[in-house]
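A short write-up of the structure that comes next.
Lettering follows sequence order; numbering is per chain, from 1. As the structure is a prediction and not an experimental result, all values here were calculated from the model.
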Amino acid sequence: MSYNLPYIEDALDGWMQSMLIKKVTKAIVNYRVVETTTDQTILAVRQPFTTRQLMVRPEGQRQWQWEKLHVKHSDVFNLDDVIYFGTRKYRIFGINEWQQYGYVEYDIAQGYTE
Amino acid sequence: MILEYIAQIIKDYMDLDDDQIYFYNEKTSLPTNKTFTITVGFLSLRTIGIATNQTVTDGTMNEIVSANMGGQVFVDIFGRSFDVITRKEEIVQAMNSTAAKEMQIQYGFMIGPTPTTFNDISGIDGTAIPYRFQITFGVQFLSKKTKAINYYDTFSLEEYYDPTT
C-alpha cells in the first residue's frame, strides 16, 4: 500500500481563478524600509476562515478579516509579505507548504491601509 | 540626521551588509540568513538650548532657529550567532574610530567616548534569539531650520491679533 499523496496541481486548474495582485516587498535602503510594489498574476482560491479556524486565533484577532489563500506551487510568498486584492491590503500570517502536492496554503488577514 | 551618521560609522567599521543595520522600529521582519542585526534609535533626548537669529539674504528676511540637543542613542545588536558575543565590542570601537571622529567634525555632532550602558537584554526575546545586547551612547547635536519671515515693513499685526474682537 502506498501512502503517497497525489500531485494535484493540474486538478487545481479547474478550481482556481486567475487573480491580479500587487505584491509588496521590503528592502532596507539607507537604514529604512523601502516597499516596492509589483503586479503579479496568480492562480488562486480565496476562502474565508471557518468558524473553527477563527476560534483558534487569539481573541483580539478574531474580528480581523481572515482568509485562506490556496495558490499554485510556483506562486510563493514569504511570511509578512503584503499583497493587494484590488485596493484591499492583506498580510501573509501563515504558510503551509504543500509544494510537493502542487499547491501552497496561506493564512492572510486584511491589514490597515494608509 | 545623527542616527544616519552613527549607522554609517558602525556599518563601515564592521563591514555590514545594507540589510544588516537599520533604524529601530522600521517594521521589517527579522532576517534569518544573517549572523546578526543591528538597530539604532533614540533612547531619550533633551533640549539644551534654543537660539533664534534673523538674517537677510537677497532681500528676504529669514529666521534661523537652532536647537542644541543632548541625550542618549542606543545600538541594539541581536541574532542567533555567537558573533553577537564576540563582535559587540566593535560597536564601541567604531564610535571611537578615526572615521567616527572625521564624521563628527564634518557634520558637527558629538558622540560620548564611552557607552553609558552595556546591557545584555536577551531575556526579552526568550530563547528564540538568545544573544542580544544594547549599548547606549551619549550624543550632542545641532538641529537647525531656516524659514522666511516677514520684514518689519511687511509685518501685519492683524494677521495674528484683531483688536476689534
Verify the neighbour count for atom [atom1] of [X]: are there more than 12 heavy atoms of other residues, nucleotides or ligands below 6.0 Å?
X: A:Lys22; atom1: NZ; value: no
X: A:Trp15; atom1: CH2; value: yes
X: A:Gln100; atom1: CD; value: no
X: A:Gln47; atom1: CD; value: yes

- Query: Atom NZ in A:Lys26, atom CG in B:Asp19: separation rounded to 0.5 Å?
  - Reply: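 CG of B:Asp19 is found 13.5 Å from NZ of A:Lys26.
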- Message: Distance check, rounded to the nearest 0.5 Å: B:Phe23 atom CZ versus A:Ile28 atom CD1?
- Response: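 B:Phe23 CZ to A:Ile28 CD1: 10.0 Å, rounded to 0.5 Å.
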- Query: Quick one: are the ring centres of B:Tyr22 and A:Tyr31 less than 6.0 Å apart?
  - Reply: no
- Side-chain donor/acceptor of B:Glu26 to backbone N/O of A:Val33, under 3.5 Å: yes
